[in-house]
Asks: 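Structure provided below as structure tokens; questions to follow.
Letters go in sequence order (proteins before strands), and every chain restarts at 1. Remember, it's a predicted structure, so these values are computed and weren't measured experimentally.
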Amino acid sequence: MNYDNVMKLALERGFYFPSCEVYADAQAGFWEYGPAGVGLKNKFVELWRRELVRRDNMLEIDGSQIMSQSVFEASGHLSSFADPIIKCKNCKSTFRADKLISDTTKIEIPESADLIDFDKAISENNIKCPSCQGEFESSRKFNMMFKVGIGPDGEPAYLRPETCQSIFVDFPRLYKTMRGKLPIGIAQIGKSFRNEISPRQSLLRLREFYQAEIEIFCNPDKLNEFEKFSEVQDVLIRIQVDDTPKQMTCKEAVENGTIPNRFVAYYLGILLEFYEKSGIDIIRSKFRKLSEKEKAFYAEVAFDFEVETTAGWLELVACNYRSDYDLASHAKKSKEKFEVMDGDVKVLPHVFEISMGIDRSLYSILEHSLRDDKENERIVLSLKPYMAPIHVGILSLVKKDGLKEKTDEIYQAIKSKFDVFLDHSGAIGRRYRRLDEIGTPFAITVDHQTLEDDTVTMRMRDSMKQNRIKISEIESYLLKETSYP
RNA sequence: GCGGAGUUAGUCUAGCCUGGUUAUGACGUCAGCUUCCCAAGCUGAAGGCCGCGGGUUCAAAUCUCGCACUCCGCACCA
């Protein structure tokens with residue numbers, strides 16, 4: 001199924017939809033999750049906690065979305081998370097200054113250069129607007145952070161462009177109070193904000209989006225002393241260094257140098273296992289090693305985890321080895337101590353980051369799970385049972401003869417234990433199909449036989465087959481079938 | 001932000017060129033009847049300031065201008 005099919009499902013069944021849509025001044029890049037979307041997101045986050053945070057004994061925090069200016073002076077976002085742009089006085093077209101200069105004159109000016117350098121290059125080389133030959137205004141920086149004013153005087157602060165800065169800033173306290181020991185992972189789920197020039201494709205490029213970030217702090221001298229590596233050494237991953245992705249085990253990837261060390265390989269391995277369990281078709285996934293040019297300004301080595309969808313290859317996770325870039329800059333700016341003891345050695349930890357885009361991940365799960373069952377004239381969302389927004393539908397075959405009351409009884413008994421949807425009205429086949437579309441793996445139906453022997457039918461979403469089970473066994477059955485792996 | 005194409009009910013859509021009563025149809029939704037395990041049938045109902053704002057006109061979904069949003073390319077990114 002393609003992007004449009006997923007979009008239609010999302011709008012019709014309450015997965016997600018545009019924010020503020022009743023108003024004409026609603027801005028692009030903001031979307032809401034409806035009930036089904038929240039259900040799926042909650043299941044995804046819980047799986048993330050199980051497969052990454054708990055598996056690795058990480059600490060989870062929940063930091064502020066608004067952070068002070070100093071944080072971003074230290075992190076480099078104030079100067080580097082910005083594009084130099086120039087605007088034509090005549091036709092108002094906007095261009096990337098560094099790009100336009102290198103395209104027309106072959107002069108390479110780094111995008112972080114002073115604005116004066118761009119203006120100088122433009123006047124010296126007599127560069128005109130490519131669309132109308134007009135003159136340019138002075139160049140300026142377009143910073144992708146949202147600036148906010150705090151208090152009556154509007155003290156400058158920013159909506160965080162990535163969740164991880166609070167992890168870095170909080171690191172000294174967390175390490176001390178949580179009895180930290182290297183290597184240690186600190187994780188956070190939350191919103192981040194980027195003032196994208198052109199947000200597009202619903203959940204795929206947002207101005208306000210969810211990230212699940214993990215920062216692992218480590219001793220850079222011990223990147224190959226990593227016992228846990230044996231847990232993932234045989235995990236098969238696909239890695240692309242140049243053009244074509246190659247499949248190999250994590251162990252092979254370290255041995256042939258594709259992945260620099262066991263430490264990084266371990267985390268790529270558990271990340272892949274997580275995504276497989278989330279319902280991503282990992283045959284259509286790869287880790288792509290980024291070139292020097294593509295890497296973010298803070299990264300030393302970087303792998304993107306990408307999956308193939310009808311909207312192209314989507315980058316779901318950025319895995320960056322950030323070295324001591326962040327702790328060193330916060331230490332310098334704040335004059336606080338960020339070094340810790342590893343054994344009897346004092347060390348400024350290095351950081352490996354797993355920065356996951358939740359919204360994109362959810363989209364990919366939806367696209368990889370949605371199928372058109374032409375034979376049975378239905379759309380089925382084949383989510384893993386533990387990922388489904390609704391675990392089970394509870395239906396009365398008909399309302400009369402006491403079936404409704406019996407159905408209500410069963411619903412009351414399990415509604416607080418599972419995500420349950422009760423439905424009495426309409427044709428039974430129609431009700432099954434509605435449940436199929438939001439990925440509900442099971443449907444219990446109360447029929448006349450139920451009144452005689454206290455059994456119900458249990459219908460499976462994917463096969464449409466039904467078993468009869470005792471009412472007394474419903475709870476244990478669902479518990480077993482919908483539990484996380 | 002640029003170029004191109006669009007925007008009519010939850011979804012898809014007719015009408016627009018050639019302005020004129022109450023805006024078309026399908027699917028979906030809700031209620032009832034019927035059936036009694038897979039989108040059947042019958043009856044009825046709800047749901048639209050035709051993306052937003054201005055202009056032209058006696059009259060605008062329709063002509064016109066501006067803006068916003070969506071989609072496709074460019075550039076940027078989780």
Asks: Assign each of A:F209 and A:Y3 to its nearest nucleotide of RNA chain B by heavy atoms, then name whichever residue's nucleotide is nearer the 5' end.
Replies: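 Nearer the 5' end of the strand: A:Y3.
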Asks: Round to a whole Å and report the spacing from CG of A:L11 to C1' of B:A9.
Replies: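 That distance rounds to 14 Å.
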Asks: In terms of ring plane angle, is the pair A:Y158 and A:F72 parallel, tilted or perpendicular, where the classes change at 30° and 60°?
Replies: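 Perpendicular, since the angle between the ring planes exceeds 60°.
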Asks: Please determine whether a side-chain nitrogen or oxygen atom of A:R430 lies at a distance below 4.0 Å from atom OP1 or OP2 of B:A40.
Replies: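 A:R430 to B:A40 OP1/OP2: side-chain N or O found under 4.0 Å.
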Asks: State which of B:A39, B:U70, B:C38 makes the closest approach to the side chain of A:E437.
Replies: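 The answer is B:A39.
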Asks: Write down the partner of B:C67 under the Watson-Crick or G-U wobble criteria, each distance required to be under 3.5 Å.
Replies: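 By the stated definition (distances under 3.5 Å), B:G51 pairs with B:C67.
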Asks: Rounding to an integer number of Å, can you tell me how far A:W313 CH2 sits from B:A78 P?
Replies: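 In whole Å, B:A78 P lies 18 Å from A:W313 CH2.
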Asks: In whole Å, what separates the P atom of B:C63 from that of B:C42?
Replies: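 Rounded to whole Å, the distance is 38 Å.
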Asks: With the threshold set at 4.0 Å, does a side-chain nitrogen-carboxylate oxygen contact exist between A:D359 and A:K191?
Replies: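 No, this pair does not count.
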Asks: Take A:R430 and A:D423 through the test salt bridge (charged side-chain N to carboxylate O under 4.0 Å, His left out) and record every step on the way to the result.
Replies: CA-CA 11 Å; A:R430 186 185 298 280; A:D423 198 350; over 6 Å; no
Asks: When the distance from CE of A:M460 to C1' of B:C37 is rounded to whole Å, what number comes out?
Replies: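 To the nearest whole Å, that distance equals 14 Å.
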Asks: Taking atom P in both B:U70 and B:C27, what distance in whole Å separates the two?
Replies: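 To the nearest whole Å, 31 Å.
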Asks: For atom P, what is the distance between B:G25 and B:U18, given to the nearest Å?
Replies: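 Straight-line distance between the two P atoms is 26 Å.
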Asks: Does the base of B:A75 carry an N or O that pairs as donor and acceptor with the side chain of A:R205 under 3.5 Å?
Replies: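 Per atom types, the contact qualifies.
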Asks: To the nearest Å, give me how far apart CG (A:L271) and C1' (B:A78) are.
Replies: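 After rounding, the gap between these two atoms is 13 Å.
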Asks: Return whichever of A:L316 or A:Q27 has its heavy-atom-nearest nucleotide of RNA chain B closer to the 5' end.
Replies: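 First, find each residue's nearest nucleotide; the 5'-ward one identifies A:Q27.
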Asks: Of all the nucleotides listed (B:C77, B:A39, B:C37), which has the minimum atom distance to the side chain of A:T457?
Replies: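 Closest of the options to the side chain of A:T457: B:C37.
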Asks: Determine the contact category for A:D304: base if any of its heavy atoms lies under 4.0 Å from a base atom, sugar-phosphate if only primed atoms, P, OP1 or OP2 are that close, otherwise nothing.
Replies: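 Nothing: the residue A:D304, judged by heavy atoms under 4.0 Å, touches no strand.
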Asks: Do A:F418 and A:Y411 have ring centroids that are under 6.0 Å from one another?
Replies: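 Aromatic pair excluded; centres sit 6.0 Å or further apart.
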Asks: Within this structure, what is the NZ-to-P distance between A:K399 and B:U34, rounded to whole angstrom?
Replies: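 After rounding, the gap between these two atoms is 12 Å.
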Asks: For B:A78, does either OP1 or OP2 sit under 4.0 Å from a side-chain N or O belonging to A:S361?
Replies: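 No, no such contact exists.
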Asks: For the side chain of A:Q211, counting heavy atoms from C-beta on, which of B:U29, B:A78, B:C37 is nearest?
Replies: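 Nearest listed nucleotide: B:A78.
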Asks: Angle class for the A:H330/A:F168 ring planes (parallel below 30°, perpendicular above 60°, tilted otherwise)?
Replies: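 A:H330 and A:F168: tilted rings.
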Asks: My understanding is that a pair needs two contacts under 3.5 Å, Watson-Crick or G-U wobble. By that rule, which nucleotide pairs with B:G32?
Replies: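 Check on B:G32: paired to B:C42, both distances under 3.5 Å.
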Asks: Taking only Lys NZ, Arg NE, NH1 and NH2, and the carboxylate oxygens of Asp or Glu, determine whether A:R54 and A:E46 approach each other closer than 4.0 Å.
Replies: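 Salt bridge flag = yes for A:E46 with A:R54.
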Asks: Answer yes or no: does atom CD of A:E276 have more than 12 heavy-atom neighbours from other residues, nucleotides or ligands under 6.0 Å?
Replies: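 Counting other residues, nucleotides and ligands, CD of A:E276 stays at 12 neighbours or fewer.
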Asks: Round to a whole Å and report the spacing from CZ of A:R13 to P of B:G10.
Replies: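 Roughly 14 Å, once rounded to whole Å.
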Asks: Within the structure, does a side-chain N or O atom of A:R431 lie under 4.0 Å from either OP1 or OP2 of B:C37?
Replies: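 Indeed not, no polar side-chain atom of A:R431 lies that close.
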Asks: For B:G10, give the paired nucleotide (Watson-Crick: N1-N3 plus N6-O4 or O6-N4; G-U: N1-O2 and O6-N3; both under 3.5 Å), or none.
Replies: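 The answer is B:C27, by the H-bond criterion.
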Asks: On the side chain of A:R194, is there an atom forming a donor-acceptor pair with the base of B:C77 - under 3.5 Å, no angle test?
Replies: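 Result: no qualifying N/O pair found.
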Asks: What's the closest nucleotide to the A:K400 side chain, out of B:U35, B:U70, B:C30?
Replies: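 My answer, after comparing the listed nucleotides, is B:U35.
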Asks: Under 4.0 Å between a side-chain nitrogen and a carboxylate oxygen: does that hold for A:D436 and A:R459?
Replies: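 A salt bridge links A:D436 with A:R459.
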Asks: What integer number of Å spans the C1' atoms of B:A9 and B:A14?
Replies: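 To the nearest whole Å, 14 Å.
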Asks: According to the Watson-Crick and G-U wobble definitions, with both distances under 3.5 Å, which nucleotide is paired to B:G3?
Replies: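 Here B:G3 is engaged in a pair, and the nucleotide opposite it is B:C72.
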Asks: Which one is paired to B:C58, where only Watson-Crick or G-U wobble pairs with both distances under 3.5 angstrom count?
Replies: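 Across all strands, the one nucleotide that pairs with B:C58 is B:G20.
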Asks: On the nucleotide B:C72, are OP1 or OP2 found under 4.0 Å from the side-chain N or O atoms that A:Q201 carries?
Replies: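 Yes, A:Q201 has a side-chain N/O under 4.0 Å of OP1/OP2 on B:C72.
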Asks: Would you mind reading off the distance between A:R207 atom CZ and B:A78 atom P, rounded to a whole angstrom?
Replies: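 After rounding, the gap between these two atoms is 16 Å.
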Asks: Side chain of A:M144, heavy atoms from C-beta onward: which of B:C37, B:C76, B:C38 has the nearest atom to it?
Replies: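 Of the options given, the side chain of A:M144 lies nearest B:C76.
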Asks: Taking the C1' atom of each, how far is B:G55 from B:G15, in whole Å?
Replies: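 So the two C1' atoms sit 24 Å from each other.
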Asks: Is it the case that B:C77 (base atoms only) and A:E196 (side chain only) share a donor and an acceptor within less than 3.5 Å, ignoring hydrogens and angles?
Replies: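 When only heavy-atom distances are counted, A:E196 does not reach the base of B:C77 through any donor-acceptor pair under 3.5 Å.
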Asks: Quick one: label A:S425 by what it contacts on the DNA or RNA (base, sugar-phosphate, nothing), any heavy atom closer than 4.0 Å.
Replies: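 Counting heavy atoms under 4.0 Å across all strands, the contact made by A:S425 is with sugar-phosphate only.
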Asks: Please classify the nucleic acid contact of A:S355 as base, sugar-phosphate, or nothing, using heavy-atom distances under 4.0 Å.
Replies: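 Nothing, no heavy atom under 4.0 Å.
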Asks: Need one value for A:E315: base, sugar-phosphate or nothing, where a base atom within 4.0 Å counts as base even if backbone is also close, heavy atoms only.
Replies: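 Sugar-phosphate, backbone atoms only, no base.
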Asks: Starting at CE of A:M464 and ending at C1' of B:A39, how long is that distance when rounded to a whole Å?
Replies: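 So the two atoms are 10 Å apart, to the nearest Å.
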